[in-house]
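Below: one structure, written as C-alpha cells.
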Amino acid sequence: MVDTVEKIKQQLEENNIILYMKGSPEAPMCGFSAQASQAIMSCGKEFAYVDILQNPDIRAELPKYANWPTFPQLWVNGELIGGCDIVLEMHQSGELAQVIEAA
Ligand SMILES: N[C@@H](CCC(=O)N[C@@H](CS)C(=O)NCC(=O)O)C(=O)O
Ligand code: FES
C-alpha cells in the first residue's frame with residue numbers, strides 16, 4: 001500500500017534511530033526483538049521504536065521496502081543497519097555504540 005510506504009518513509013525521516021520490533025523495548029514480545037533492543041538501550045541514547053505487532057500494515061510492507069525479510073530491523077539515518085544478528089555482532093565489536101553515537 002502506498003500509504004503504508006509513505007508512513008514508513010516519514011518515520012525514517014523523523015527518527016535518526018528507529019527500531020522496528022515485536023513489542024516494546026520495555027516489553028518485547030520476541031527474543032530477537034528483546035536482544036536487539038537491549039543492545040541498543042545499552043548504548044544510552046534515546047531511540048524510537050515501532051511495534052509491528054500493533055501495526056500489521058508496516059509488518060507486511062516494511063520487509064519489501066527494506067528488502068529484509070524479518071524483524072527486528074534497526075534503521076539509522078534512514079538506512080537499514082540490520083536485524084538481531086548484525087546488531088549483536090556490532091554491539092560486541094563496539095561498532096554499534098559508534099553508529100548510534102554518530103546518528
Ligand atoms: N536472524 C534474524 C532473526 C529474526 C527473525 O527470524 N525474525 C522472524 C521471527 S520473529 C520474523 O521477523 N518473521 C517475520 C514476521 O514475523 O513478520 C535476525 O538477525 O534478525
Ligand atoms: S515471535 Fe517467534 S521467533 Fe520471534
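All figures in this text were calculated on a predicted structure; none of them were measured in a lab. Counting convention: from 1, in listed order, for ligands and their atoms alike. Below, all heavy atoms of this structure are taken into account, side chains as well, without hydrogens, waters or symmetry copies.
Connection of L53 to L62 is not established within any shared hydrophobic cluster, with ILVMFWY side chains joined at heavy-atom distances below 4.5 Å, either directly or through further cluster members. Hydrophobic clustering, with ILVMFWY side chains joined whenever heavy atoms are under 4.5 angstrom apart, keeps M29 apart from Y20. By the rule that hydrophobic residues join a cluster once side-chain heavy atoms approach within less than 4.5 Å of another member, L88 and F47 end up as members of separate clusters. F32 and M21 fall into different hydrophobic clusters, where Ile, Leu, Val, Met, Phe, Trp and Tyr residues are linked whenever their side-chain heavy atoms come under 4.5 Å apart, directly or through other members.
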For ligand 1, run through the N/O pairs with the protein that fall under 3.5 Å and put one pair on each line.
unit_1   : atom_1 : unit_2 : atom_2 : d
ligand 1 : 1 (N)  : D85    : OD2    : 3.2
ligand 1 : 7 (N)  : F71    : O      : 3.0
ligand 1 : 12 (O) : F71    : N      : 2.7
ligand 1 : 12 (O) : F71    : O      : 3.4
ligand 1 : 16 (O) : K22    : NZ     : 2.5
ligand 1 : 16 (O) : R59    : NH2    : 2.7
ligand 1 : 17 (O) : R59    : NE     : 2.8
ligand 1 : 17 (O) : R59    : NH2    : 3.3
ligand 1 : 19 (O) : C84    : N      : 3.2
ligand 1 : 19 (O) : D85    : N      : 2.8
ligand 1 : 19 (O) : D85    : OD1    : 3.4
ligand 1 : 19 (O) : D85    : OD2    : 3.3
ligand 1 : 20 (O) : C84    : N      : 2.8

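Here the side chain of K7 pairs no donor or acceptor atom with the backbone of D57 at under 3.5 angstrom.
Remark: K22 pairs with no residue by the salt bridge (charged side-chain N to carboxylate O under 4.0 Å, His left out) rule, at least two apart or across chains. By the salt bridge (charged side-chain N to carboxylate O under 4.0 Å, His left out) test, D85 pairs with no residue at all, sequence neighbours left out.
Taking every heavy atom of both residues into account, I18 and V50 meet most closely at CD1-CG2, 3.9 Å. The minimum heavy-atom distance linking N15 with A48 is given by the pair OD1-CB, 3.4 Å.
Protein residues with any heavy atom under 4.0 Å from ligand 2: K22, C30, F32.
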